[in-house]
Visitor: 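Questions regarding the structure given below will be posed in turn.
One-based numbering, in listed order, for ligands and for the atoms of each.
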Amino acid sequence: MLTGAELKNQVDNCVEQIRRVTDFVPDVALILGSGLGAIADEIDSVASVDYHDIDGFPVSTVSGHKGRFVFGKIGETKVVIMQGRVHYYEGYSMQQVVLPVRVMAGLGAKILYLTNAAGGINTYFDAGDLMVIKDQISSFVPSPLIGENVDEWGVRFPSMNDIYDREYVEMIKDTAKDLGIVLRSGVYIQTTGPQYESIAEIEMFRGFGADAVGMSTAVEAIVAKHLGMKVCGVSCITNMAGGTPDKPLTHEEVKETADRAAANFKKLVTESISKLS
Ligand code: HPA
């Protein structure tokens, strides 16, 4: 575990290396989940930086997860996009998993827009649905704030009330309505993975009030909230959690559904981001 000073040094170092490539100051940080990376390929980018080229930056090993920052505008909104993120199950410490959020805040981002692929727990959901995240459960993963607190970033014991900005949740719902996109709303629960959940675990999570489950996002939201950023998020429900009795869940199925939902996902995310300028 790094000390506060070491951690801050690492973040500052990453920011400095990116600053050698671009002086672009983003307002919004957008993290794209598995299979949802196409948005970054399609915007008018002013610069991009591969994670590999940033000394000390965590790099993903999972297929379907690219690894680069893309800088540019969506509408009039200045964004830094993470095309690919690292996950706790890859073996990184939580401090490293959330490092990118702190780096993007260091670049100037005040808003974090999270996206992910998730399994549907709510039985009213279908594979291919989109869900705006209204709250989260992170109790099954280690807190990313464990370790020495960096007071400059935030307080030791931050409140997690309204992690997901209520105004943004409503704005994303309105945007979906205007676009004619069916949008669910619900609570996201994070697990460490990499294994998918057992049927008993899904039953338990449902009892806890979770609507969707995935292996990212909640810890990133905690760190952003700690930093005082505004946070919002959209999940792509790529499958019903646990799969179906005759067809166990696979990563391929997750990627296929993400591809199928990509057009609506892209419309909703780009349209709602353009309203954040
Ligand atoms: N469980 C956990 N993570 C996921 C799932 C799931 O069912 N689908 C996509 N990511």
Visitor: Taking atom CZ as the centre, does Arg156 end up with more than 12 heavy-atom neighbours from other residues, nucleotides or ligands that are less than 6.0 angstrom away?
Guide: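 Correct, the count exceeds 12.
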Visitor: Taking the side chain as C-beta and beyond, is there a heavy-atom pair between Ser216 and Tyr188 under 4.5 Å?
Guide: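 Of all side-chain heavy-atom pairs linking Tyr188 with Ser216, at least one is under 4.5 Å.
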Visitor: Anything with a heavy atom under 4.0 Å from ligand 1 counts, so go ahead and list those protein residues by chain and number.
Guide: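 Around ligand 1, where the cutoff is 4.0 Å for heavy atoms, the contacting residues are Ala117, Ala118, Gly119, Tyr196, Glu197, Val213, Gly214, Met215, Thr238, Asn239, Ala241, Leu249, Val254.
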Visitor: Please check if the side chain of Glu201 supplies one atom and the backbone of Ser198 the other of a donor-acceptor pair under 3.5 Å.
Guide: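 At least one qualifying donor-acceptor pair exists.
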Visitor: So, does Arg102 use its side chain to make a donor-acceptor pair with the main chain of Asp12 at under 3.5 Å?
Guide: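 Side chain of Arg102 to backbone of Asp12, a donor-acceptor pair under 3.5 Å: no, none is there.
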Visitor: Is any side-chain N of the basic residue among Asp162 and Lys134 closer than 4.0 Å to the acidic one's carboxylate O?
Guide: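 Judged by the 4.0 Å cut-off on N to carboxylate O distance, Asp162 and Lys134 do not form a salt bridge.
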Visitor: Please work out whether the ring planes of Phe69 and Phe71 are parallel, tilted or perpendicular, with thresholds of 30° and 60°.
Guide: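 Aromatic pair Phe69/Phe71 classed tilted.
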